[in-house]
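What follows is a set of notes on a single structure, which appears directly below.
First the proteins, then the strands, lettered A, B, ... as listed; each starts at 1.
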Amino acid sequence: MTKIVAGAALGLWGTMAQAADDVTLQLKWVTQAQFAGYYVAKDKGFYEEEGLNVTIKPGGPDIAPEQVIVGGGADVIVTWMAAGLAARERGVPLVNIAQPFKTGGLQVNCLKSTGVESPEDFAGRTMGVWFFGNEYPFYAWMASLGLETDGADENGVTVLKQAFSADPLIQGQADCISTMTYNEYNQIIEAGITPEELVTFNYLEMGFGMLEDGLYVLEDDLEDPAFKDKMVRFVRASMKGWKYAEENQEEAAEIVIENDASGAQELDHQLYMVGEVAKLTAGSNGALDPADYEQTVQTLLSAVSEENPAITKEPEGAWTHEITDEALN
Amino acid sequence: MGWVLFAVAAWLLGLLINVSLARRPSSWWVSLAAPIVFGVTLLAVWEGVVRGFGINQVLLPAPTAIAARISASADLLWADFVQTVLKGALSGYVIGCGAAFLIAVAIDRFPFLQRGLLPVGNFVAALPVIGMAPILVMWFGFDWQSKAAVVVVMVFFPMLVNTVQGLQAADAMQKDLMRTYAAGYWSTMIKLRLPCAMPFVFNGLKIGTTLALIGAIVAEFFGSPIVGMGFRISTSVGQLTLDLVWAEIFVAALAGSAFYGLMALAEQRVTFWHPSQRH
């Protein structure tokens, strides 16, 4: 019954929306080309065309988007699925409404000179890992390899909490570190280490893929037809922004630089990042592929432990096609 | 609604008890009871408000949830305490305060050093911990040594300045008296000037206790092994296990108060002669 009413109201709202609606987007990280699509959509007026007034809030190392949205600081957030599902299990009912990143950029890089060639060589090594929600795939991988994470010995590795840079590898404090294809990997290369000196393990290729940047909203908000309609327009304009960014990479990089209030980003690096991020968004029209969702859930459930408390049971209702179906047709 | 009423009732009850306590002639148990009543009231109001308004535990967990987490994760909290407080903060505190004390004595002896070293100390003290920490992690590695180094940097200057000041506390008449006794530099130092300096030294030591704890915890935000209070706080926020964050905050508050109390107690013993210790 409520669905019918909601549907009818939605149709009504779709035609009624005129005055610009405010939407606040909370990013997972600082302003950079990882979020090029949203900045492009704002800069090129795609949001405006949809009657939206979008505020993009940059994140950072001490900002958890899940906390921001539940505190009322944002309408929609960009986060990784593992973190989104973990939040859902802890009482923040997040729902994935769109998935602009089809594939993921998270990988592990080791120096060849340390003698690491395959995952069998990991025992006794020191590995840099990012936390803040990015540790879940790592723990799942280690569990499947039968490696403990409590210290370097014949069946365990030492885990370091890596800051968001490539320094530990460059300085030899870790044998392997986490990198994103579109960011820290380039830092290593720029530090003078050639790709031939590196061994790369891509989480997706190894079967521990987890969906990265997706758009999430609170479940209760979706019951409001006006909000739903806003999200339909938001997703439509955002995807238009992403596709524009894929095709006009130089312009996208410049837009990101212009919107970087911190002034910390450089054009060369952003250009590289746009190119790499475009590879991740290329396969997506914005709709979540349920098979990818399933892989993320199974990876998370394959390694439930005290250090890795992402989720303990199969989540329900954690994603919806309602928004993308409406937005993309 | 019931819980909100509970919160209001708890607040009124606490208020009533403390007002009546304040009217009583002061005695040791009144001065002990008043803050305890206040604390318990605060916890009850917190619990009532969180439950009554259904505040999401990701924003603010209830005290009972935090207590449950503390008892469930006691092993984890203890391991973090050892790593951060005993290894990081305490070793850094001892090294930093010890070095500052010795250098203060040297500065006092050689005015040349006073002109050279004090400005450098001043400069180091002005460096923000979030700027120093990543650099020190780079130099001293991820384990507790780099955290101790951050603590050394943080406690060094307050201790140095206070001790230098303290060594000038003995006045000219007292020093003249020592001279009439034919006392040399060292016996004047040990029998007169160091005791006179002690109230200042303890100021530095007490300021250092809180700085040491802050330094050790914050330094863990910039790369650490997977143990430690700062590590746990920063990663648990990411995992949205806020009850664990509050459990760590509780442990940190307890450790900080105990550390400070210990120093205050030592001060009472050492500077019993000082007018401020008379009751």
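- Put simply, CG on A:L111 and CG on A:D175 are 8.0 Å apart, with the number rounded to the nearest 0.5 Å.
- Using a cutoff of 4.0 Å between basic side-chain nitrogens and carboxylate oxygens, A:R88 and A:E219 are scored as salt-bridged.
- The aromatic ring centres of B:Y93 and B:F259 sit less than 6.0 Å apart.
- Taken to the nearest 0.5 Å, the CG atom of A:N186 stands 10.5 Å off from the OG1 atom of A:T179.
- Scanning residues 139-154 of chain B against chain A with a 4.5 Å heavy-atom cutoff picks out B:G141, B:F142, ordered by number.
- Residue B:V227 does not touch chain A at all, counting heavy-atom pairs closer than 4.5 Å.
- With a 4.5 Å cut-off on non-hydrogen atoms, A:Q67 touches chain B through its backbone and its side chain both.
- Residues of residues 5-13 of chain B lying under 4.5 angstrom from chain A, judged on non-hydrogen atoms, do not exist here.
- For A:F201, the CZ atom is densely surrounded, since the number of other residues' heavy atoms within 6.0 Å is greater than 12.
- Within a 6.0 Å sphere centred on CG of B:L15, other residues, nucleotides and ligands contribute more than 12 heavy atoms.
- Aromatic ring centroids of A:W141 and A:F122 lie under 6.0 Å apart.
- Neither the backbone nor the side chain of B:I55 comes within contact range of chain A; no heavy atoms are under 4.5 Å apart.
- Rounded to the nearest 0.5 Å, atoms CG (B:N56) and CZ (A:R90) are 11.5 Å apart.
- To the nearest 0.5 angstrom, A:I170 atom CD1 is 7.0 Å from A:Q187 atom CD.
- The shortest side-chain heavy-atom distance between A:Q107 and A:S178 does not fall under the 4.5 Å cut-off.
- Ranked by heavy-atom pairs shorter than 4.5 Å toward chain A, the options B:G228, B:S234, B:P134 are led by B:S234.
- Close placement of the A:F131 and B:F231 rings is indicated, their centers lying within 6.0 Å of each other.
- Interface remark: A:A87 contributes backbone and side-chain atoms alike to the contact with chain B (heavy atom separation under 4.5 Å).
- The closest side-chain donor-acceptor pair between A:Q34 and A:N183, if any, does not fall under 3.5 angstrom.
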